[in-house]
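Naming: A, B, ... by sequence-line order, numbering from 1 per chain.
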Number of protein chains: 2
Amino acid sequence: MTNAPKLSDQLCFAAYSFTHALNRAYRPLLEPLGLTYPQYLVMLVLWEADGQTVKEIGERLKLDSGTLTPLLKRLETIGYVSRRRGKADERQVIVHLTDDGRALSDKAAGIPIELGCAMGAELAEIADLRERLLAMRDRLGETGCAVGEAEG
Amino acid sequence: MTNAPKLSDQLCFAAYSFTHALNRAYRPLLEPLGLTYPQYLVMLVLWEADGQTVKEIGERLKLDSGTLTPLLKRLETIGYVSRRRGKADERQVIVHLTDDGRALSDKAAGIPIELGCAMGAELAEIADLRERLLAMRDRLGETGCAVGEAEG
DNA sequence: CGAAATTTAATTGCGCGCAATTAATATGGG
DNA sequence: CCCATATTAATTGCGCGCAATTAAATTTCG
């Protein structure tokens, strides 16, 4: 039988279902702003530094243009960002906040506190978890161990 | 300015991007089996106990019929499961493994080891992380703190 | 300079995830 | 018994996430 504990799978499932639970927790907080969680992440990136290219946003969030292009078009339709080709390099699309988009950050200011509270964890624990998850994420991005690689 | 550290947000993003990295890590391992990661989770549930209803699978994985129905139809098309209405209660759909579906567990046996290795973490750390994520997930499911609830 | 290679976004196609609705069956109260 | 209510899946619609392809602009190099 394959009845090993499958610990790593269970961590994967824990991360998977934690992420979905987070999404559900964010939904009612973001709904008044008219944002989804991925859209909110893009806004966070832009509030931090306005006028980034699609590529830069994608590097920050680990998302590609296939995801970002339609998402950014929706943000543009709502009126939170503008998209225009770069003058120096016309391949690039530069994303700017509109006045509405900039103003939105005030309305969003309370969200991290609410979420942190809903998670019911100490700041230290949150920071520790965050670091470990990011470290594992980056390790996963590498080729990994040799088990599955036919000893090549 | 709203330049608070947004620690909790960063944990949320860490979980979000860790989950996506996991998905990418699973993809090449699951592709030879013809499974996506959510399909693999359903198979794990069925390998553990065959003949569950859609509702039971959904409770285990925290997914609803809107997600599971099409997913299970795909698993049926591939030939890994069968779906039939319950005799006692015709509202229910009971999902059984086919011989192929049962046999697949052998081919999948190595996956947890490969993943655990790719994550490059100690078993103890994996177990610890898993518990903390699940605890937070369940806390998120509750109503949460009173910050956003007008002191009700 | 000019063709080939590279970079950047957009597009296409597919599979989730979930809210909202619908349809069918089962249950419980009058 | 019969109707109102519950439960269970299925359906519909939308927004990701990503692989693969395409298109356009830029860079590189002969």
Pair assignment for C:dG17, Watson-Crick or G-U wobble, requiring both distances under 3.5 Å: D:dC14
Closest to side chain of A:Glu90, choosing from D:dT26, C:dG17, C:dT25: D:dT26
Stepwise side chain to side chain contact (heavy atoms under 4.5 Å, CB included) check, B:Gln39 with B:Leu72: CA-CA 8 Å; B:Gln39 289 167 5; B:Leu72 289 167; over 6 Å; no
Residue closer to the 5' end of DNA chain C, A:Asn23 versus A:Val93 (nearest nucleotide): A:Val93
Closest-nucleotide 5' rank along DNA chain C - winner of A:Ala21 and A:Gly66: A:Gly66
Side chain of B:Gln92 (C-beta onward), nearest among D:dA19, C:dA9, D:dT8: D:dT8
Under-4.0 Å side-chain N/O to phosphate OP1/OP2 contact, B:Arg24 with D:dC18: yes
Nearest to side-chain heavy atoms of B:Lys55, which nucleotide of D:dT8, C:dA19, D:dT11: D:dT8
Per A:Thr69 side chain, nearest of listed nucleotides C:dT11, C:dG17, D:dG15: C:dT11
Rounded distance (Å) that lies between atom C1' of C:dG17 and atom CG of B:Leu71: 11 Å
Protein-nucleotide distance (A:Ile57, atom CD1; D:dG17, atom P), rounded to Å: 15 Å
Pairing nucleotide - D:dC1, Watson-Crick or G-U, each distance under 3.5 Å: C:dG30
Any A:Tyr16 side-chain N or O less than 4.0 Å from OP1/OP2 of C:dG17: yes
Interatomic distance where CG belongs to B:Leu68 and P belongs to C:dC18 [whole Å]: 10 Å
Polar side-chain contact A:Ser65-C:dA10 base: donor and acceptor under 3.5 Å: yes
Any side-chain heavy-atom pair of A:Val45 and A:Gln52 under 4.5 Å: yes
Min side-chain heavy-atom separation B:Ser82-B:Val95 under 4.5 Å: no
Presence of B:Thr36 side-chain N/O under 4.0 Å of C:dC16 phosphate oxygens OP1/OP2: yes
For atom CG of A:Leu41 and atom C1' of D:dC16, their distance in whole Å: 12 Å
Nearest-Å distance for atom pair CD/C1', residues B:Glu76 and C:dG15: 17 Å
Electrostatic pair A:Arg60:A:Glu56 at N-O distance under 4.0 angstrom: no
Closest to side chain of A:Asp89, choosing from D:dA25, C:dA26, D:dG17: D:dA25
Charged N-O contact under 4.0 Å between A:Glu90 and A:Arg85: no
Side-chain N or O of A:Arg27 closer than 4.0 Å to phosphate OP1/OP2 of C:dC18: no
Interatomic distance, A:Asp64 CG vs D:dA19 C1' [rounded to whole Å]: 8 Å
Nearest-angstrom distance from the residue atom CG of A:Leu22 to P of C:dC18: 12 Å
Pair B:Arg132 + A:Asp128, salt bridge at N-O below 4.0 Å: yes
Interatomic distance where CD belongs to A:Glu31 and C1' belongs to D:dC14 [whole Å]: 14 Å
Syn-anti status, with the boundary at 90° from 0, for the nucleotide D:dA19: anti
Residue whose nearest DNA chain D nucleotide is more 5′ - A:Pro38 or A:Lys87: A:Pro38
Any B:Leu35 side-chain heavy atom under 4.5 Å of B:Met43 side chain: yes
A:Arg85 side chain near C:dA9 phosphate (N/O to OP1/OP2, under 4.0 Å): no
Phosphate OP1/OP2 of D:dA6 contacted by B:Arg91 side-chain N/O (<4.0 Å): no
side-chain N/O A:Gln39 vs D:dC16 OP1/OP2, d < 4.0 Å: yes
Sugar-phosphate, base or nothing in reach of A:Leu63, heavy atoms under 4.0 Å: sugar-phosphate
Below 4.0 Å: OP1/OP2 of C:dG15 and any side-chain N or O of B:Tyr37: no
A:Lys73 side chain near C:dT11 phosphate (N/O to OP1/OP2, under 4.0 Å): yes
D:dA10 phosphate, OP1 or OP2, under 4.0 Å from B:Arg83 side-chain N/O: yes
